[in-house]
Protein chains: 2
Amino acid sequence: MPPKVKTDAEKLAIRTVIIDAARDLFIHHGVDAVTMRGVANKIGYSATSIYLYFSDKEQLLRAVVDADALKLAQALHSTLAISDPLERFLQFAQHYVQFALANPNHYRMMFMTPHLPCDPALSSIEQHNPEQDGYAQLIGVATSACAAGIFKDEFNHPVLLAQTVWASMHGLCALQINMADDAWINWQPIEARIDFMMRMCLQGLLKVTPHE
Amino acid sequence: MPPKVKTDAEKLAIRTVIIDAARDLFIHHGVDAVTMRGVANKIGYSATSIYLYFSDKEQLLRAVVDADALKLAQALHSTLAISDPLERFLQFAQHYVQFALANPNHYRMMFMTPHLPCDPALSSIEQHNPEQDGYAQLIGVATSACAAGIFKDEFNHPVLLAQTVWASMHGLCALQINMADDAWINWQPIEARIDFMMRMCLQGLLKVTPHE
DNA sequence: TTTGTTATTTAACGATGTTAAGTTAACGAT
DNA sequence: ATCGTTAACTTAACATCGTTAAATAACAAA
């Protein structure tokens with residue numbers, strides 16, 4: 001029984017319904033569980049209908065992840081209000097790690113899975129908008145921390161600092177997400193690893209030993 | 001024209017031929033290019049014959065990666081001869097990063113791709129053998145560096161140290177492998193990021209500022 | 001009422017991992 | 001020597017996947 005004419009708003013709503021269905025499969029059963037037929041089934045559509053809203057599977061998954069990249073930026077946004085630049089930097093990193101570990105599938109999709117070069121034009125995220133763009137936030141936080149003059153001169157390079165600290169946090173999250181179950185390795189508790197990492201980085205970067 | 005009875009050695013040789021063909025596709029065209037039919041074609045067999053040597057595709061890929069995990073351990077083994085514990089630690093990390101960036105597909109497969117919990121029984125690698133087991137090497141290097149008394153007391157925990165430094169290096173490699181082409185990010189040169197990371201970690205860990 | 005457009009479905013294609021059912025050469029025993 | 005039996009391999013086939021092409025039905029406009 002074929003359909004009625006749809007307004008743009010209705011079409012957008014269906015798009016959202018599809019994305020949510022895909023996300024649900026995605027979160028609970030991993031990427032592999034996201035099949036076009038599976039998503040379609042979940043919303044009572046036929047598989048091919050999804051192609052009316054997304055050009056292919058990759059675009060659908062991209063939309064799912066895009067929405068959650070925005071959620072990441074929003075989760076981080078609250079830390080930007082912290083006045084002390086160092087505390088802001090620390091809380092930003094903490095929240096990043098918390099988000100990653102709380103949303104491992106999305107984190108994997110965003111940062112651990114091969115994907116075509118991301119076209120900013122196709123994203124719903126406005127690049128360099130500090131409310132939406134997590135990377136822009138990171139650069140901002142690193143820049144203001146550098147400006148506060150708390151780091152040793154050799155580390156007072158906002159972009160390098162940002163990308164290196166990011167790499168440290170990413171390393172923690174990525175190994176935890178991918179290798180936590182690996183019987184080969186006697187993992188220490190993730191909290192202990194996070195704490196160790198934070199202290200190591202801070203002691204390396206700061207001019208003076210952080211007050212205990 | 002069907003075949004002749006094969007000795008165990010011949011069977012092992014064919015296994016190796018299959019692994020090598022799979023590796024070749026794998027390295028040059030990524031995981032997705034490894035199809036059973038593709039591998040079979042490359043060696044003049046039919047796809048189903050591979051199932052006589054590997055129970056399924058995952059086991060085949062596992063065998064490919066397993067062989068290269070051994071190569072990683074061998075690449076790192078040379079650094080174990082360095083007498084100075086700190087220098088050994090540094091060179092070990094350096095070699096690790098070099099291997100990862102030189103073998104991105106294998107690195108991705110080993111440490112960035114979801115896989116069933118690795119069963120040490122099925123591996124060709126002898127766990128805890130410092131010539132074959134890279135993780136055992138890492139623990140050893142970290143332990144002797146700790147024993148040298150060069151690190152601040154709060155960081156003098158071999159396993160935590162090992163896992164944290166590993167995470168740092170992994171973060172560098174993983175972001176580089178997965179995100180280097182991402183237009184969203186104005187990446188600094190990977191060499192600069194490695195250098196920054198090394199210095200940050202060292203300054204954090206060491207009791208005294210490293211001699212320049 | 002006809003005509004065309006829009007939203008959707010069914011049918012189908014080609015590729016993939018994998019299993020089942022052959023096919024043929026070599027070997028062991030008689 | 002020949003007659004099963006088996007080892008090594010192939011061809012057929014299945015289910016599932018992403019995706020495209022063709023068909024269908026409801027609505028809007030004429």
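Reminder, nothing fancy here: chain letters follow the sequence lines and each chain counts from 1. Small disclaimer: the values here were computed from a predicted structure and weren't measured.
The nucleotide whose nearest atom lies closest to any side-chain atom of B:D56 is, among C:dT8, D:dT19, C:dT18, C:dT18. Listed candidates were C:dT8, D:dT19, C:dT18. Nearest to the side chain of B:K57 is C:dT18. In this structure, of C:dT8, C:dG17, D:dT20, it is D:dT20 that holds the atom nearest to the side chain of A:Y51.
Applying the side chain to side chain contact (heavy atoms under 4.5 Å, CB included) criterion to A:V17, with sequence neighbours excluded, gives A:I43. Listed by chain and residue number, A:C146, A:F151 satisfy the side chain to side chain contact (heavy atoms under 4.5 Å, CB included) test with A:N156 (two or more places apart in sequence, or in another chain). Listed by chain and residue number, A:L80, A:R88, A:F89, A:F92 satisfy the side chain to side chain contact (heavy atoms under 4.5 Å, CB included) test with A:V141 (two or more places apart in sequence, or in another chain). Residues passing the side chain to side chain contact (heavy atoms under 4.5 Å, CB included) test with B:Y51, sequence neighbours excluded: B:M36. Take A:D56 and apply the salt bridge (charged side-chain N to carboxylate O under 4.0 Å, His left out) test, not counting sequence neighbours, and it matches no residue.
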Please list, one pair per line, the donor and acceptor atoms closer than 3.5 Å that link side chains of residues 69-77 of chain B to other protein atoms, with sequence neighbours excluded.
none

Show the distances under 3.5 angstrom between N or O atoms of the protein and N or O atoms of nucleotides 21-23 of chain D.
none

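Remark: P of C:dG17 and OH of B:Y53 are 19 Å apart, rounded to the nearest angstrom. Between A:L52 atom CG and C:dT5 atom C1' there is a gap of 14 Å when expressed in whole angstrom units. Distance, B:I50 CD1 to C:dT16 P: 12 Å, rounded to whole Å. Distance A:K11 NZ to C:dT6 P: 8 Å, rounded to the nearest Å.
Here side-chain hydrogen bond (donor to acceptor under 3.5 Å, both in side chains) pairs that include residues 160-177 of chain B, with residues two or more places apart or in two chains, are B:Y96-B:W166, B:Y107-B:H170, B:Y135-B:Q163, B:Q176-B:R193. Applying the salt bridge (Lys or Arg N to Asp or Glu O under 4.0 Å) rule to pairs touching residues 14-33 of chain A yields A:D20-A:R23, A:R23-A:D68, A:D24-A:K42, sequence neighbours excluded. Pairs passing the salt bridge (Lys or Arg N to Asp or Glu O under 4.0 Å) check and including a residue from residues 123-140 of chain B, sequence neighbours excluded, do not occur.
Residues from residues 30-46 of chain B that place a heavy atom under 4.0 Å from any atom of DNA chain C, listed by number: B:V34, B:T35, B:M36, B:R37.
Summarising the geometry of A:V34 relative to A:L61, their closest heavy-atom pair is CG1-CD2, 4.2 Å, with the distance given to 0.1 Å.
In this structure, A:F54 reaches neither bases nor backbone, as no heavy-atom distance under 4.0 Å exists between it and the strands shown.
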Q: Go ahead and write out DNA chain C as dot-bracket, 5' to 3': ( ) for pairs within the strand, [ ] for ones crossing earlier pairs, | when the partner sits on another strand, dots for unpaired; Watson-Crick or G-U wobble, both distances under 3.5 Å.
A: ||||||||||||||||||||||||||||||

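For B:F196 and A:H157, the gap between ring centers reaches or exceeds 6.0 Å.
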